[in-house]
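Here the structure is a predicted model, which is why all the values come from computation and not from measurement. Any value given below was found using the heavy atoms of this structure, including those in side chains, with hydrogens, waters and symmetry copies removed.
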Amino acid sequence: MSGGDFLVEKILISLQIHSLREDFANDPASTLKAVAAMGYRGVEFDFGIFTENAEFYHKVIKDAGLECVSLMAGHHLLDAENLSKVIDFCKILCCDTLVIGALDWPRLEKEPDFRYPMLEQIKTAVKTIRDAGLKTGFHNHAGDFTTRFDGVTLFEFLFDNMDDDFMLMMDTGNCMAGGGDPIAM
């Protein structure tokens with residue numbers, strides 16, 4: 001077995017369903033079956049895409065022969081009540097990774113010091129997510145590289161203030177769209 005084959009066995013090649021959100025909204029089952037037919041083995045969902053209960057999506061994921069590798073939730077879902085619902089949804093999908101994304105850039109641009117209470121809310125959410133037995137990290141968007149605080153981007157501020165095991169899901173397109181350099185980051 002070559003090194004490349006070994007890596008393919010270890011890495012679950014997955015697709016972010018956000019890229020097929022219209023198709024998925026119209027017909028989740030057929031969309032996931034088409035994703036599997038393309039050769040993907042896993043999918044990532046944005047919590048905001050769901051219109052049915054978690055059991056429904058668990059079934060269509062399983063029927064398509066896929067795994068849910070991660071579920072993304074925006075900053076607005078990190079309060080205790082919403083986060084509990086997202087964690088429960090994640091567990092029903094048999095997903096072990098809950099990713100934080102979509103920070104409140106408009107507020108941060110108007111109120112730069114909002115980054116501190118936002119950071120504390122993220123740290124509290126991370127603890128809750130980990131206590132629930134899930135891995136967590138951050139999915140960047142373009143605004144995370146355009147908004148600067150004391151000479152650093154919001155992306156850098158966040159990672160400078162998180163534990164080393166807080167995962168990064170680098171969206172290279174979003175990084176470049178925000179003026180960032182994904183290689184340098």
Side-chain angles (χ1 to χ4, degrees), residues 12 14-19 21 24-25 28 42-62 66-150 152-171 174-175 178:
L12 191 67
S14 305
L15 178 73
Q16 186 183 48
I17 290 298
H18 184 75
S19 61
R21 61 192 169 276
F24 183 79
V43 287
E44 178 194 51
F45 294 98
D46 177 337
F47 186 74
I49 200 167
F50 298 124
T51 58
E52 304 291 334
N53 64 36
E55 291 79 9
F56 170 83
Y57 293 107
H58 173 75
K59 182 177 179 348
V60 295
I61 293 166
K62 188 176 178 180
L66 296 168
E67 291 181 40
C68 180
V69 297
S70 61
L71 178 63
M72 188 175 6
H75 175 255
H76 66 286
L77 295 169
L78 298 183
D79 63 276
E81 182 181 337
N82 282 316
L83 185 55
S84 175
K85 292 175 187 174
V86 175
I87 288 170
D88 289 346
F89 212 96
C90 198
K91 287 183 172 187
I92 292 168
L93 296 181
C94 298
C95 177
D96 68 354
T97 305
L98 190 113
V99 178
I100 298 167
L103 303 179
D104 191 349
W105 315 307
R107 183 169 179 188
L108 286 162
E109 288 175 348
K110 292 177 190 168
E111 301 173 49
D113 285 341
F114 174 65
R115 70 186 184 261
Y116 296 106
M118 182 190 70
L119 177 65
E120 290 311 309
Q121 183 185 28
I122 290 170
K123 285 183 173 186
T124 299
V126 165
K127 180 178 179 348
T128 302
I129 293 165
R130 287 180 176 156
D131 287 350
L134 302 173
K135 296 179 282 187
T136 189
F138 179 71
H139 176 105
N140 65 281
H141 292 83
D144 303 325
F145 298 95
T146 58
T147 306
R148 301 213 172 248
F149 303 96
D150 302 324
V152 298
T153 64
L154 182 58
F155 178 85
E156 294 165 308
F157 171 78
L158 179 62
F159 277 92
D160 286 347
N161 288 285
M162 297 303 292
D163 294 335
D164 289 342
D165 63 345
F166 187 67
M167 292 185 295
L168 162 64
M169 295 181 71
M170 173 62 77
D171 185 316
N174 280 340
C175 179

### Message
For Phe24 together with Tyr57, are the ring centres under 6.0 Å from each other?
### Response
yes
### Task
Using the test side chain to side chain donor-acceptor pair (under 3.5 Å), find all partners of Asp79 that sit at least two apart in sequence or belong to another chain.
Asn82
### Query
Do Pro28 and Phe56 touch side chain to side chain, with heavy atoms closer than 4.5 Å?
yes
### Query
To the nearest 0.5 Å, how far apart are OG1 in Thr146 and CG in Leu108?
10.5 Å
### Summary
Which of Leu134, Ile49, Val86, Ile87 passes side-chain contact (heavy atoms from CB on, under 4.5 Å) with Leu71? It is Val86
### Task
Mind checking the SG-CD spacing from Cys94 to Glu67? Nearest 0.5 Å is all I need.
9.0 Å
Under 3.5 Å, which donor-acceptor pairs link side chains of residues 118-127 to any protein atom two or more places apart or in another chain?
residue : atom : partner : partner atom : Å
Gln121  : OE1  : His75   : NE2          : 2.7
Lys123  : NZ   : Asn161  : O            : 3.2
Thr124  : OG1  : Glu120  : O            : 3.0
Lys127  : NZ   : Asp131  : OD2          : 2.7

### Query
How far apart are the C-alpha atoms of Glu44 and Met169, what are their side-chain angles, what is the distance that settles it, and do they pass the side chain to side chain contact (heavy atoms under 4.5 Å, CB included) test?
CA-CA 11 Å; Glu44 178 194 51; Met169 295 181 71; 3.2 Å; yes
### Query
Can any side-chain N or O of Lys91 pair as donor or acceptor with the backbone N or O of Ala132 at less than 3.5 Å?
yes
### Task
Quick one: which residue pairs count as a ring-ring contact (aromatic ring centres under 6.0 Å, His included) with a foot in residues 79-113, not counting sequence neighbours?
Phe47-Phe89, Phe50-Phe89, Trp105-His141
### Heavy-atom pair with the smallest gap, counting every atom of Cys95 and Ser70
SG-CA, 3.3 Å
### Query
Using a distance-only test with no angle check, is there a side-chain donor-acceptor pair under 3.5 angstrom linking Asp171 and His139?
yes
#### Entry: Inter-residue atom distance Ile17.CD1 - Leu15.CG, 0.5 Å rounding
5.0 Å
### Query
Are side-chain N/O atoms of Thr153 and Glu156 paired as donor and acceptor at under 3.5 Å?
yes
### Message
Given 3.5 Å as the limit, does a donor-acceptor pair link the side chain of Asp163 with the main chain of Asp165, or not?
### Response
no
### Task
Look up atom OG in Ser19 and atom CG in Asp46, then write down how far apart they are to the nearest 0.5 Å.
11.5 Å
### Query
Which heavy atom in Arg115 sits nearest to a heavy atom in Phe149, and how many Å separate them?
NH1-CD2, 3.1 Å
### Task
Indicate the ring-plane relationship of Phe166 and Phe159, choosing parallel, tilted or perpendicular according to the 30° and 60° boundaries.
tilted
### Query
Can you name the residues that form a side chain to side chain donor-acceptor pair (under 3.5 Å) with Arg21, not counting sequence neighbours?
His18
### Message
Among residues at least two apart in sequence or on other chains, which ones pass side-chain contact (heavy atoms from CB on, under 4.5 Å) with Glu111?
### Response
Arg107, Phe114
### Query
How far apart are the C-alpha atoms of Lys85 and Glu81, what are their side-chain angles, what is the distance that settles it, and do they pass the salt bridge (Lys or Arg N to Asp or Glu O under 4.0 Å) test?
CA-CA 7 Å; Lys85 292 175 187 174; Glu81 182 181 337; 3.5 Å; yes
### Query
Are side-chain heavy atoms of Phe155 and Leu168 found at a separation under 4.5 Å?
yes
### Shortest non-hydrogen separation from Lys135 to Ile129 and the atoms involved
O-CG2, 3.9 Å
### Message
Please report the interatomic distance CG(Leu98) to CG(Leu93), rounded to the nearest 0.5 Å.
### Response
10.5 Å
### Query
Looking at CG of Asp144 and CG of Asn174, how far apart are the two atoms once the value is rounded to the nearest 0.5 Å?
8.0 Å
### Message
Using every non-hydrogen atom in the two residues, find where Ile92 and Ala54 come nearest and quote the distance to one decimal.
### Response
CG2-CB, 3.5 Å
#### Entry: Set of side-chain contact (heavy atoms from CB on, under 4.5 Å) partners for Ser14, sequence neighbours left out
Leu12, Val69
